[in-house]
Amino acid sequence: MTETNNPSPTDFIRDIIDEDLKTNQTAGLVATRFPPEPNGYIHIGHAKSICLNFGLASQYGGTCNLRFDDTDPSGESLEYVESIIDNIHWLGFDWGDRMFFASDYFEQLYQFAVQLIKKGKAYVCDLNADEIREYRGSFTEPGTESPYRNRSMDENLDLFEQMRAGEFEDGSHVLRARIDMNAPNIIMRDPVIYRIKREAHYRTGNAWVIYPMYDFAHCLSDAIEGITYSICTLEFENNRPLYDWIVEELIENNRPHQTEFARLNLSYTVISKRVLIELVENGQVAGWDDPRMPTIAGMRRRGYTPQAIRNFCAQIGVAKNDNLIDMALLEHCVREDLNEHAPRVMGVLHPLRIVIDNYPEGQTEEFECANHPQNPDMGTRTVPFSRVLYIERDDFHEDPPGKYKRLAPGREVRLRNAYVIKYESMVKDEKGEVVELHCIYDPQTRNAPPADGRKVKGVIHWVSAEHCVPAEVRLYDRLFQVSNPAGEDEEFTKYLNPNSLETLTSCYVESGLKDAEAGNGYQFERLGYFCVDSRDSQPDRPVFNRVVPLRDTWGKIAGKK
RNA sequence: UGGGGCGUCGUCAAGCGGUAAGACACAGGACUUUGAUUCCUGCAUCCGGAGGUUCGAAUCCUCCCGCCCCAACCA
């Protein structure tokens, strides 16, 4: 796969690796990992991390593991594991046989904990959660040592074994690292590394009632897998001293190192798993793969392409600045890819019936149309033409605004791939609404400019009423009305865009789209890119999702007035 | 408030002591049987602020200001 932009992106992480390689810090190895917790679907923010981790591995001839960080059974499930695997593959990355689960390391991790106890560096604490919090102190006050901090090694070993054996109630005991209750970094004030939780784990079932905490499991999982670069987001920067502490206590050689980068934020949406789960559970979207969701599944169903997402991730770069990336950049990447690859077709979203008065009744002819104006290799297709057509309601104006160059009383316009037609008359209903147009066509203009040299500026799309197929089209807009919903003080749902989905049920698309395959993307000329919905589309009743509209210079001009 | 991190164009982001890349966005223009695509052109005398070091500073030093993260038995 070739990225079209940023051919050789550089960033501070690559600088670090280059330097390490130069000074032989990792024996020439670059081993990364992508470590999702299977408690939700992955989103565009994860894509940034996936592109970084897998990208590094491929760039430096290293490896990137997929590791499920499944140390907290609540909320984790196989469904999520499967969706994550599917989504990463779809994005275009592969981990070969290097798929791992932190839960597979539970026994090893337990033994590491025992080792820590034997070194006098961990103890079983009987304080409850509230008490632990109180003893922890605050930003300004140091913590207080737990009364259980100085238990003997044997007692700790015995108690920890009992914890594992299920002798204690949930929450009654925890295993804590014995570090420093006065540490200015609160994370280092004897952090909890094991808790008792009687909850079935989706993989280990009821084999365990104690589970390791992230800080303990993650760094050791990295070490077990021989990870050289453990790349995570900025909010874990505070945890790095603990990461290093654990690794230094328990790992002799080839210790992994953590490097943090800024997570992605995207305008007009929100990409925190917690919030996305809420949207799904409250029914504010139709599911994890709702095309409005910033999830990989949602973007896929919407019609975004893996290449577009990868290009986007390359474009945004990797740094440590907090950021809010303009959604317009993502849309640009999507258009850029679709412009090159999507076949052109015609579809009418808001149909207006038009009769070509001088075209013989019952006659049909076929036009050969290019599937891509700039790329003849994409071939042609035939599109039927007849006396009665549908055009876009918007392409006719009874009283056209300035610079408008489409159809209007007295005007001529080119029917895309077909004839030039001229306005004759209109038919209105009792409400004064235009319901039908009558035009005449110029037979000389088939594939040719008007013989007398007159210029016809406007070009509009159309479908033949007799041949077209009815379709449903779903128009999507930004999920939120404010650029940074996560930054608002009030509940984010207040800023949901009520018009993020508009369903059009009486659209017509050209006949060739009758059996369009799910997932296929097309450009509906002059409108935008559309993708056959993978869930709801039927052979005789296709459903299209608008991936992204075409850039609309006219809309800007018209919008200004 | 203690600790950690970050401040370069509207949004991202290069830059690593030698005089501000690039992308998106935006604004003009050319071409066009998609008001699309493509193609030109413009868009930070200035790098959070103030001092200082230096022949020379976005890059080094000092102080100040602002934003983000940490007080889950979540990750």
Side-chain angles (χ1 to χ4, degrees), chain A residues 5-6 9-11 15 35-37 39 69 71-72 74-75 125 127-129 132-134 136-143 170-176 183-189 191-197 210-211 213-215 217-218 232-241 260 262 267 273-274 314-333 335-336 339-340 344 346 372-374 403-406 413-418 420 445 447-449 456-461 483 523-528 549-558:
Chain A
N5 291 302
N6 245 357
T10 184
D11 53 66
D15 289 346
E37 183 188 10
N39 66 348
D69 222 337
T71 56
D72 179 1
S74 34
C125 182
L127 258 25
N128 65 36
I132 287 180
R133 190 181 324 115
E134 280 162 32
R136 191 148 35 217
S138 71
F139 289 150
T140 46
E141 302 151 325
D170 286 17
S172 64
H173 298 259
V174 292
L175 184 70
R176 292 228 251 169
N185 180 352
I186 290 181
I187 298 215
M188 299 299 274
R189 319 239 261 231
V192 171
I193 56 178
Y194 262 93
R195 77 287 214 180
I196 302 172
K197 199 163 194 165
I210 58 171
Y211 294 96
M213 299 288 290
Y214 165 84
D215 286 305
H218 197 90
C232 63
T233 46
L234 243 29
E235 64 270 27
F236 290 101
E237 213 151 22
N238 297 313
N239 301 50
R240 190 173 50 203
E260 312 84 8
S267 64
K273 229 191 283 181
R274 190 208 108 228
Q315 286 279 298
I316 59 177
V318 178
K320 298 186 77 163
N321 304 331
D322 283 338
N323 60 75
L324 183 61
I325 308 285
D326 195 338
M327 181 65 100
L329 178 60
L330 214 206
E331 295 189 334
H332 161 79
C333 292
R335 286 195 193 99
E336 186 181 48
N339 174 53
E340 194 184 336
R344 271 55 173 172
M346 291 193 283
H372 190 116
Q374 280 82 34
K403 289 185 180 170
Y404 186 81
K405 60 185 193 191
R406 281 112 90 162
V413 76
R414 158 79 63 180
L415 290 176
R416 174 75 169 154
N417 294 315
V420 168
T445 55
N447 282 325
V456 177
K457 276 289 241 179
V459 180
I460 65 173
H461 59 276
S483 69
Q523 184 196 93
F524 286 11
E525 289 199 76
R526 304 211 310 128
L527 297 175
L550 247 33
R551 215 186 242 107
D552 183 12
T553 309
W554 168 248
K556 270 180 202 163
I557 297 168

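Note on naming: letters A, B, ... go to the chains in the order of the sequence lines (proteins, then strands), and numbering restarts at 1 for each one. What you are looking at is a predicted structure, and each value in this text was computed from that prediction instead of being measured.
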ask   = Closest to the A:Asp72 side chain: B:rU37, B:rA75, B:rU1?
value = B:rA75

request  = Indicate, with a heavy-atom threshold strictly under 4.0 Å, whether A:Val413 touches base, sugar-phosphate, or nothing.
outcome  = nothing

inquiry  = Quick check, does A:Tyr214 stack with B:rC74? I mean ring centres under 5.5 Å and planes off by under 30°.
reply    = no

ask   = Is a side-chain donor or acceptor of A:Arg189 paired with a backbone partner of A:Arg136 at a separation under 3.5 angstrom?
value = yes

inquiry  = Is it the case that B:rU34 (base atoms only) and A:Arg526 (side chain only) share a donor and an acceptor within less than 3.5 Å, ignoring hydrogens and angles?
reply    = no

ask   = Does A:Asn323 offer a backbone N or O that forms a donor-acceptor pair with the side chain of A:Asn321 under 3.5 Å?
value = no

inquiry  = For a quick check of understanding: with a heavy-atom distance under 4.0 Å over all strands, which category does A:Pro373 fall into, base, sugar-phosphate or nothing?
reply    = base

ask   = Which is true for A:Phe236 with a 4.0 Å heavy-atom rule: it touches a base, it touches only sugar-phosphate, or it touches nothing?
value = base

message = If we ignore hydrogens and angles and just use 3.5 Å, is the side chain of A:Lys273 paired with the main-chain N or O of A:Glu37 as donor and acceptor?
response = yes

inquiry  = Does B:rA36 count as syn, meaning its glycosidic angle lies within 90° of 0, or as anti?
reply    = anti

Sugar-phosphate only, base, or nothing, as touched by A:Tyr211 at under 4.0 Å among non-hydrogen atoms = nothing

ask   = A:Gln523 near the nucleic acid: base, sugar-phosphate alone, or nothing, with a heavy-atom cut-off under 4.0 Å?
value = base

ask   = Checking all strands, does A:Ala448 fall into the base, sugar-phosphate, or nothing category for heavy-atom contacts under 4.0 angstrom?
value = base

remark   = Between CE of A:Met346 and P of B:rA36 the distance, given in whole Å, is 18 Å

Base-pairing assignment for B:rA14 (Watson-Crick or G-U wobble, both under 3.5 Å) = none

ask   = What distance, rounded to whole Å, do you find between the two C1' atoms, one in B:rU59 and one in B:rU1?
value = 33 Å

ask   = So what does A:Val174 hit on the nucleic acid, given a heavy-atom distance under 4.0 Å: a base, only sugar-phosphate, or nothing?
value = base

task = Indicate, with a heavy-atom threshold strictly under 4.0 Å, whether A:Thr445 touches base, sugar-phosphate, or nothing.
result = base

ask   = Is there a Watson-Crick or G-U wobble partner for B:rU38 with both distances under 3.5 Å, and which nucleotide is it?
value = B:rA30

5′-ward residue of the pair A:Ala418/A:Arg551 relative to RNA chain B = A:Ala418

note = As its Watson-Crick or G-U partner within any shown strand, both distances under 3.5 Å, B:rC60 has B:rG52

query = Which is true for A:Ile210 with a 4.0 Å heavy-atom rule: it touches a base, it touches only sugar-phosphate, or it touches nothing?
reply = nothing

Whichever of A:Arg414 and A:Ile186 has its nearest RNA chain B nucleotide further upstream toward 5' = A:Arg414

message = Any base atoms under 4.0 Å from A:Asp215, or only sugar-phosphate, or nothing? Heavy atoms, all strands.
response = nothing

message = Given B:rU34, B:rA75, B:rU1, identify the nucleotide with an atom nearest to the side chain of A:Arg416.
response = B:rU34

key: Base versus backbone protein contacts along nucleotides 3-8 of chain B [heavy-atom cut-off under 4.0 Å; B, S, -]   = BSSSS-

request  = Would you classify A:Asp170 as touching base, sugar-phosphate or nothing, given that sugar-phosphate means primed atoms plus P, OP1 and OP2, and contacts are heavy atoms under 4.0 Å?
outcome  = nothing

message = For a quick check of understanding: with a heavy-atom distance under 4.0 Å over all strands, which category does A:Asn239 fall into, base, sugar-phosphate or nothing?
response = base

query = For B:rG7, which nucleotide is its Watson-Crick or G-U wobble mate, given both distances must be under 3.5 Å?
reply = B:rC65

task = Look at the side chain of A:Glu141 and the base of B:rA71, then say whether one donor and one acceptor between them are separated by less than 3.5 Å.
result = no

